[in-house]
Structures are given as C-alpha cells and as structure tokens.
Amino acid sequence: MFLVMLIIGIVTALVGSIAGLGGGVILVPVLLFLGDHFVSFDWVNPQSIVGISLVVMIFTGMSSVISYMKHQRVDEKIGLVFLFGSIPGGILGAWLNQFFETDGFSLFFGIVMIAVSLLFFIPRRTAGHSLFKTGIEREKVIDGTVYKYRMPFVVGLILSFAVGMLSGLLGIGGGSLMVPAMILLLNIPPHIATATSMFMIFFASITSSSAHIILGHVDWSHTLWFIPGAYLGGMLGAWINRLLDGQAVEKFLRVLLVLIGIRLIWQGLG
C-alpha cells in the first residue's frame, strides 16, 4: 500500500503541476475511488482526503514554484493579491468541509469540475475590454516574448476568495478554478497563469492544511507516504510545462477536468 501511495503522489503532482492545478484535483478522486473498492483504503473519508491533499500540495507547490521561479514564470505581485483573498477563503472552506458525507462530496466535486471545464468555451476577453482599463499593469518576458496584461484588483480579490473557499472545502488547491479564471477572465497568458497558480497554491495550502490539522482531519500515518512522490512529481510537471505551448496547456486542462468531473458525478450518483 505504501508503494501505491508513493506512485499516486508522483502521478498526481506531475499532472497537477503541468496544468497549475496543484495535484489535489487528481488525488481527491483517486482516493475516493480506492476508498470505495479496496479494504486497505477503508480509512478514506472526505475529511481525511482533503487534509491529506492539502498537506501534500504544500510539497507539490514547493518543488513546482522553485522550478517556475528559476525560469521567471511566476508573477509574484499578482500571486500576492490572490493570496490575500484565498487564505481567508481557505479557512472558511476547511470549516465547511466537516459537514460533507462521501457521496454528496463526490457529486458536488464532480459538478464543480464540469462547470469549470465549460468556462473554456466562453469567448476570451480581449485586452481592450472595459474590465482591463484599470488595475495592476504587468509585463513579463518569457523565452524572448513580451507579455503585457492588467489584473483588476477587486475582481482578483473576489475570485481568489471564492477559489480559496472551494479549495479548503474540496482539497483541490484552487488551481483548477483559478487557472481558467486567470486565462479566460483576466487574460493572463497560460504559462504565467499556471506558474502563478502554483505560487498561490503553495502558500494557500499551508494555511488551509493548518486549519485541517487543527480540526483533526490529517492522518499523518498515511499522509507522509504521499509527500516524497509529490515533491518529485511537482518538479517533473514544471519541466514538462515549459516544453508545451499555451494552447497545449489549455487543451490538457480542459480534457482533464471533464474526465474527472464525469467520473466523480458517476461515483456520487452511484
């Protein structure tokens, strides 16, 4: 069982880091599935899953952020704005999590994933849209290409609070919600969005996991076995992300969210 946990840690962090999701969006449904079908995972419940996911994402985020910052893909200024909203939201979500049962948790999580994937079919806002006439003006250079964009402060704060709350509630790190929002609503380039998302996930996961530790939701005897794989997977995912173009990252994220959402809704209804 311990080898299985190590492998799960590597795979979930690898996939999560590529798309800037943090890995929780993969880890949570995988543990729900194992808890339903294997006796060795009979300790699984919504509270322990979210607690494990958020602690593991600290290490996924750490390894990813180190790699992304080395290649100057993280927008620290916007990331800090998102943290101001996501940290209190994460604490609220952690408190709300204790009221969920397994089937209801799976169904709600699946619906959220499908809804997020549908956001990619919404026409992208252009730089000349009224939403971008004010806000924090940013410029970053990646591989010789100059990217200019604006991030409306209030919009970013509200979005990050909502994402932080769902992160603490579902244990998904917030990246599965924040990355689409940054790309589609705030017009931030995909590579910067995924890297900045991992920056936010790293710090937000520390706060959210602390709340779950205080509430007694973290089973350390199982959590520790996921951490080495998560750290390694986070580094590998960040490396693969740098090899992909922006459109490939978007397509990968869209397909991933749809598949996970369908699987979770089926499990919740079953």
- Item | Flag side-chain contact, heavy atom, 4.5 Å: Phe202 against Thr60 | no
- Task: For Trp95, check ring pair (Phe, Tyr, Trp, His ring centres under 6.0 Å) against everything at least two apart and list the hits.
- Result: Phe99
- Linked, directly or transitively: Met165 and Ile214 (ILVMFWY side chains, under 4.5 Å): no
- Message: On a heavy-atom basis, which atom in Arg73 and which in Thr196 lie closest, and how many Å separate them?
- Response: O-OG1, 4.2 Å
- Message: Using side-chain contact (heavy atoms from CB on, under 4.5 Å), reason through Lys148 and Val146 one step at a time and then give a plain yes or no.
- Response: CA-CA 7 Å; Lys148 295 182 179 181; Val146 179; 4.3 Å; yes
- Task: Please tell me if the side chains of Ile240 and Leu14 come closer than 4.5 Å, counting only heavy atoms from C-beta onward.
- Result: yes
- Residue pair Ile227 / Val55: nearest heavy atoms and the distance that separates them: CD1-CG1, 4.3 Å
- Query: Which heavy atom of Ala193 sits nearest a heavy atom of Ile188, and at what distance?
  - Reply: N-CG2, 3.9 Å
- Query: Can you find a heavy atom in the side chain of Leu92 that is under 4.5 Å from one in the side chain of Phe161?
  - Reply: yes
- What distance do Ser67 atom OG and Leu236 atom CG have between them, rounded to the nearest 0.5 Å? 9.5 Å
- How far does CD1 of Ile192 sit from OG of Ser197, to the nearest 0.5 angstrom? 13.5 Å
- Task: Taking the side chain as every heavy atom from C-beta outward, state whether Ile8 and Leu34 have any atom pair closer than 4.5 Å.
- Result: yes
- Message: Using 0.5 Å steps for rounding, measure from the OG atom of Ser64 to the CZ atom of Phe199.
- Response: 13.5 Å
- Note on the structure: So NE2 of His191 and NZ of Lys140: to nearest 0.5 Å the spacing works out to 13.5 Å
- For Leu157 and Val81, work out which heavy atoms get closest and say how close. CD1-O, 3.7 Å
- Message: Walk me through whether Ser209 and Val218 qualify under side-chain contact (heavy atoms from CB on, under 4.5 Å).
- Response: CA-CA 8 Å; Ser209 61; Val218 179; 5.8 Å; no
- Query: Tell me, do Leu31 and Phe226 make a side-chain contact under 4.5 Å, heavy atoms counted?
  - Reply: yes
- Is there a donor-acceptor contact under 3.5 Å from the side chain of Ser63 to the main chain of Phe59? yes
- Task: Would you check if the side chain of Ser160 reaches a backbone N or O of Phe82 as a donor-acceptor pair within less than 3.5 Å?
- Result: yes
- Message: Could you report the tightest heavy-atom contact between Met200 and Leu83, atom names first, then the distance?
- Response: O-CD2, 3.5 Å
- Taking side chain to side chain donor-acceptor pair (under 3.5 Å) as the test, write out the residues that go with Tyr149, two or more places apart. Asp75
- Item | Straight-line distance of Leu224 CG to His222 NE2, nearest 0.5 Å | 10.5 Å
- Item | Residue pair Tyr231 / Ile66, side-chain heavy-atom distance below 4.5 Å | yes
- Compare all side-chain heavy atoms of Trp220 with those of Ile213 and state whether any distance is below 4.5 angstrom. yes
